Amino acid sequence: MTSISDSDELIFFVNGKKVIEKNPDPETNLLFYQQQHIVTHNEVRLTGTKYGCGSGGCGACTVMVSRYNPQNKKIHHYPATACLVPICSLYGAAVTTVEGVGSIKKRVHPVQERLAKCHGTQCGFCSPGMVMSIYTLLRNHPEPTPAQITEALGGNLCRCTGYRPIVESGKTFSPESTVCQMKGSGKCCLDPDERSSVSGEEKICTKLYNKDEFQPLDPSQEPIFPPELIRMAEDPNKRRLTFKGKRTIWFTPVTLTDLLELKASYPKAPLIMGNTAVGPSIKFKDEFHPVFISPLWLPELFIVVSTDDGVTIGAGHSLEQFRDNLNFLISNETKKTKTFSALQHHLRTLAGPQIRNMATLGGHIASRPNFSDLNPILAAGNATINVRSKEGNRQIPLNGPFLEKSPEADLKQEEVILSVNIPYTTQWHFVSGFRMAQRQENAFAIVNAGMSVKFEEGTNRINDLQMFFGSVSPTIVSASQTSKKLIGRQWDDQMLSDACQWVLEEIQIPPAAEGGMVEYRRTLIISMLFKFYLKVRLWLNQMDPQKFPDIPEKFVSALDDFPIETPQGVQMFQCVDPKQPQQDPVGRPVMHQSAIKHATGEAVFVDDIQPIDQELALAVVTSTRAHAKIISLDVSEALECPGVVDVITAEDVPGENNHNGEIFYAHSEVICVGQIVCAVAADTYIHAKEACKRVKIAYEDIEPAIITIEQALEHNSFLSSEKKIEQGNVEHAFKHVDQVIEGVVHVEGQEHFYMETQTILAIPQTEDKEMVLHLGTQFPTHVQEFVSAALKVPRNRIACHMKRAGGAFGGKVTKPALLGAVAAVAANKTGRPIRFILARGDDMLITAGRHPLLGKYKIGFMNNGEIKAADVEYYINGGCTPDESELVIEFVVLKSENVYYIPNFRCRGRACKTNLPSNTAFRGFGFPQTTVVVEAYITAVASKCNLLPEEVKEINMYKRTSKTAYKQTFNPEPLRRCWKECLEKSSFYDRKQAAEEFNKKNYWKKRGLAVTPMKFSNAVPTAFFNQAAALVHIFLDGSVLLSHGGCELGQGLYTKMIQVASRELNIPASYVHLVDTSTVTVPNALFTAGSMGADVNGKAVQNACQILMDRLHPVIRKNPKGKWKEWVAKAFEESISLSATGYFKGYQTNMDWEKEEGDAYPYYVYGTACSEVEVDCLTGAHKLLRTDIFMDAAFSINPALDIGQVEGAFIQGMGFYTIEELKYSPKGVLYSRGPDDYKIPTVTEIPEQFNVTLVHSHNPIAIYSSKGLGEAGMFLGSSVLLAIYDAVAAARKERGLSDIFPMNSPATPEVIRMNCTDKFTDMIPRDDPSTFTPWSIHVS
C-alpha cells in the first residue's frame, strides 16, 4: 500500500456549494462529515441532518443525492441515509440537506411550511428527514399521487405524531382528491346524523389549518444541478480515483478493465455501491476492510437488455431502479413476467425508499443475506448471474448451492457480478414470492419464500418444482429433496399434504435457533407453501376452467397481501366562540411555536450546540453479565489508544456513587447487563468507542441471576412493599355468583424509542466548582440533584438547561439524572467539557423502558354478564434499582378498575427486583399494561355469557356519580358521552354485523372490532409533586419574556404557555418569547410528566401574568384607550415592577395506603376508541382498517396540539400492543437494540381511516377548563389488540376451538398465527422445553 500515490481530491457539492476535501477518509460517513467537518465556505456545521440510529433504519438523517448520468443525459435525484453514505462515494455528486431546501433566514420552502402548518411536527427531531423524503419525491414528481407520498415516507420513523398529519402535509401537493370516504356507509362522516348526541348549540370544527396560507410549489425555482458536475461526468479522460485515509484506501475505477485489475490485486476488498451491507457490518460487527473498491460509474453495470428468452439487468442498478425496470417490463408484457411481478411486489416493501435507492441488485445478490426477499424469487425463476474476472466470463446459476454458499458454486474472490439474467416464464410455469415480517414495510422477513412450478403442458402434473426459504437457516435454503419427490405428482390436496410433511423434515429449524419464534417459523414455511398451492390452483383454473376446478370461494382472500392505502380521516373539535377576540389564541389550532424551525432543521438540540474548546466525547463500557462480582478492571490498553484523555471509574466519583439506590459507576459488583462500569473520554467519539473495546473486565458470576417476574416471585425478590385497595366483601361475593373464572395475562415491556437518544453536554466552569449541563430531560431538578450528589457540591453550583428534547415519553424523567452524573464526573476529572451522546444500541440497553407486567385474576359474575367480585394481582418487572417502580405499581393498583364498577373488588401489586436494567416511567405510567388484564377478563366474561364484550362493558360501566374503589368521588357523565358517541358515530353494530358476514365468507382472513372505554387519571397522588412556578418579564418595548419549569418534549407545552400569556396579558402571541427551561430561572421545578405539564405550568404562568396585570391596572385605568407599550412605559416611569414570579401550589391530591383511600387524582380524562382490523390467519399479519377516537378534552387550549397528542399516543399504544417486541436472552442480554431488531409503527401501520373527535365537557379545576391529554390516548391503542383477538376468536370458533385463550400483549404476528390453530400448526414438530435453552424469553 505504501507504493500507492497520494490521495486525490474529493470533489462534490453540498447545497449548491463546492466542497474540495483534500484528505478524504474512506471510513467517514456523510452524517459525521456534515456535523463535524467544515462543509461550506461559511464554515457552518450542517446539524439539520440528525443522528437517530446509525443503521439507516429510521430516516432521521435523510438527504437528497443527485447525480448526472452521461449515458442518458439525465439527473437522478434520490433519498439516502447520510449515516451509511461514505463521503468517498460522493465524488461528482450533489448533496442537498434540509438547510439547502429552505431556511427562516432566507426562504422557507413549501414542503417545510406545509409540514409545519399541517401540524406534522411535534418534537421535531425526525422532521428534517421527513422534509427531505417529501422534497426528493417532489423533485422527481412535482404532482405526486397520495400513494407516492405514503411510499416516500416509508423509510422515515416518527415517534410523536402518528404520521397522519405528515402524510396530510404531503397530500397537499397532490392534485388527486382527498375527499373523506366513510367505508361501507357511502356517507360523509360530517353529514348530520339524527343519532348524534352532540348538542345543537355546539359548533364543531374540522379545519386545523388554512390551505390558503400555503405558498405554491414552483418546480422552476429549485436549485439547478451544478454544471461543473455535468462536465466532470462527461469528461472523456476520466481516470481512476484514489482516496487514502489513516487506515484504509478507496479506489474508484472508471473502466471495467481497471475494476478487474483492482479486484485481482485486492481480492478481499468489498465492492461498495450503496454501502447498505458493508457499512452496518463495519459499524455493528467490527469488520475491518483496508481496501474499498467503488465502481460507481461503469456503464457495464447499468445495462438493460431484452431478448426473446428474458431480460439481463446490470448489477449496478439500485433496487429502486431495478423495480422501475420491472414495472416497465411488466407493463409491456404480462403473460411472461410472473417472476418479474413477484419481484416487483416484494420490492415495494423491502426496506424503505432510502435503502432501496442505495442498495444495488448485484450487492444484494452477492451478500446473500439469509433474510433476502429477492434471492429466493430469483432462484425460483431460474435466474443466473454473469460474473467476470481477469480470467474471463462465466455464468453462475442463482440456485440452492449458490445461495447456500457451497464452495463449488460460489463467487471467486476476484470475480465481479456484472449483471443478472431473469428468464421469462412460459405459459405453464408459475412463480411466486411470499414474505412475513413484524411489520408490513421496512422490516426483515421472519420467513420468506420463492417458489415455482412447471407443469406438463395442458396438465397439472408437476414437471419441475423449486422452493427456496429465507430466515429459517444461516443461509437461504432450498427444499430440493422435497421438490424432487414431487416431480410427476398431480397438483392436488394429497400432493400438498405430502409436500408439507416432507418440507418440514427437510428444513429443520433447531429449537434454540437464533431469532427464536421456532414453531412460528416452521408454521410459516408450510403456510406459505399452502398459499402457493392455492395461487397455482387459481392460475390453473384461469388457464382452463373446465379441466381445473376453482379453489373454494372462502379461500380466495388468502391469496392477497394486505394493500398499502394512504391514510385519511377527520379531526373534529369545538369551534372557538365567534365573540372571542381574534387576538386571543386560546382554543385555536395554533401551530407549534418551533414547527418552522423543526422543518428547516434550525431548531437547536443538544448535539447541535457548537463544539466547545477542548471538548471531549464520552463513551461507556457496560457490563456483559447480569449478576457478577468484578474481579478486575484493566484500563491500561484503553489509555494507550489514540485520542484517549482518561478513563473514568467509580473511584473518580468525588461524592456519592450510589444516590437513592441508583448507581453511577459499578464498583465491585454488576447487577444487570448494560450497567455502566467505566467511561472513556477522548478527542472524538470514534476514538472513545474504540478504546472501550480495549477495557478488560474479569467477572465471577453470582447466583441467582433473576431475569423474569416468575423468577423474582420464586426468590421473593421485590423492590417495594405490597400496595392494595379493597372494597366490599370479596370472599363472600365469590360464593354467591353464577360463575367464576381465573386467568393469567402477560404484558411485555416497551422501548421508548425517542428519536433523539440521551444527550448531555457537561461544561465545568473555572470558578467555585460550578457545572453547567445542557441536556434533553423531563426533570432538570432531578439532574441537578444527582450531579450535586456525585460531585459533592451544593445544588446552587449546578445549572441545568433544557431547551427541547427530541421525544421523551417518560424515558427522560430519571435516566438523564444518572447519565448526567456520569458525564459530570468525567467533566470534573478531566476539567474539560464532555459531550455524552448515547448511540441507539447503548441507549436501548442502558435506559430500559416500560415495565413488563404479570396479571392474575379471579372474577365472579352472573350469567347476565354482571361482575360481582374481582380479585386481581399485579407484578411488574422493575429491574435492578428502584427508579420509578414503586410509584408505577401504585398507579397500577389505583387505576386497576378502569371504567368498571365491581362492588367487591380487591387489587394487590408489587414491584419485582430483577437483574435487568431498571425499567422506568413511560407514557401512561402502568395504566396501558394494567388495563390489558381488565379487558382480558371482561372479554372472558363475555365469552362465558355468550355476549359481546361491548355488552359486558356497558353492563359494568360506571353510570352515575360514584366512588372509586379507593373512595374518590367522580362523575362519569363525560365517559358515558364518549362511549355513546363512539358506538353511534363509528356505526359499531352495523360494522360488527358486516364483519361477521365477511368472516362467514372468508376462512383464512378474519375481521374483528372492539370498542374500548377509558377512565384515565392525570397528575400524581402526592400534592407537592403537582406544584409549578413561572417567571415573566415585560421589557420596555412591550415584549414579554417567559420562563417556567416545564420541559418542551414535542407536546407543545411552550406553545400553550405562549397562548396563556397572550390571553392573560391581552397582547398578541408574537409579543411573547419563551426562554429555555433552566434551574437558574425557575428552581426546584418538578417533572414534566403525568399529562400535567400545561395544567400546572399554565396556572403558574397565569398567576404571574395576573400579578403583572394587577400592577398595570392603575395605569390602564388612567389611560384606558392607550396601547400596551404606552402602559408598560408609564408603569416603568412610576417604578412599577415589570417582572413577576408566578406560582401554582398544585392539585391537592392524597392517598392513604393504610386506609386504602384518598383523593388520589385531581380529575379524570375519559375516552373511547373503536378499531377494526383484518387478520391473515395463515401468516399472522394484520391490517388496521379504521379507528374512531372520542376523547374528553373538556375545553382544548389548542385543538391541533391536543389532537396530535391523542393520535401520536394512540399509534404508540398500537405499536406497544401489536408489533413492538423486546427480546432478551435467558441470561438477561437485550437483543433488541435498534430499528432493525425493534419495530415501531411506520406510516403503513396507521389506520386507513383515522377519525378523532375532541368531546367538550367542563373541568373547572384546570386552567381554562382544559384537560391534559398527553398520555390518555396510549391505552386506546388496546382497541387494536382487542379487535385482533376478536378476529382470532372468530377464526378459532370456526375451527371448533375455544374462543377463550390467553390474551397476552403484544399480539405479534407470531401470537396471532399460533392462536389461529389449524391443520398446519398441528403438523409442525414440537420440542420438549426441558431439552433446550431457548434463544429468547419473555420477562413478564
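Remember, it's a predicted structure, so these values are computed and weren't measured experimentally. Numbers here are sequence positions counted from 1.
Side-chain polar atoms of Tyr900 and Glu935 form a donor-acceptor pair below 3.5 angstrom. Remark: the Tyr874 side chain and the Gln929 side chain contain no N/O donor-acceptor pair separated by less than 3.5 Å. Side-chain contact check for Ser1279 and Thr1012: no donor-acceptor pair (N or O, by modelled atom type) lies under 3.5 Å.
Taking the ring centre of Tyr1231 as origin, the terminal cationic atom of Lys1223 falls outside the region bounded by 6.0 Å and 45° from the ring axis.
Although no hydrogens or angles enter the test, the distance criterion places no donor-acceptor pair under 3.5 Å between the side chain of Arg521 and the main chain of Ile446. Proximity of a side-chain donor or acceptor of Ser1278 to a complementary backbone N or O of Leu1281 within less than 3.5 Å is not detected. Not a single donor-acceptor pair under 3.5 Å links the side chain of Tyr1147 to the backbone N or O of Tyr1163. In this structure, the side chain of Glu950 engages the main chain of Val1011 through a donor-acceptor pair within 3.5 Å. Without hydrogens or angle criteria, Asn919 side chain to Asn877 main chain gives a donor-acceptor distance under 3.5 Å.
A ring-ring contact (aromatic ring centres under 6.0 Å, His included) check over residues 911-935, counting only residues at least two apart or in different chains, returns the pairs His752-Phe922, Phe891-Phe925, Phe927-Phe1016, Phe927-Phe1275.
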Please list every donor-acceptor pair under 3.5 Å in which a side-chain atom of residues 1332-1340 meets a protein atom from a residue at least two apart or in another chain.
unit_1, atom_1, unit_2, atom_2, d
Ser1340, OG, His746, ND1, 3.0
Ser1340, OG, Glu748, OE2, 2.4

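In summary, the aromatic rings of Tyr1285 and Phe1301 are positioned with their centroids under 6.0 Å apart.
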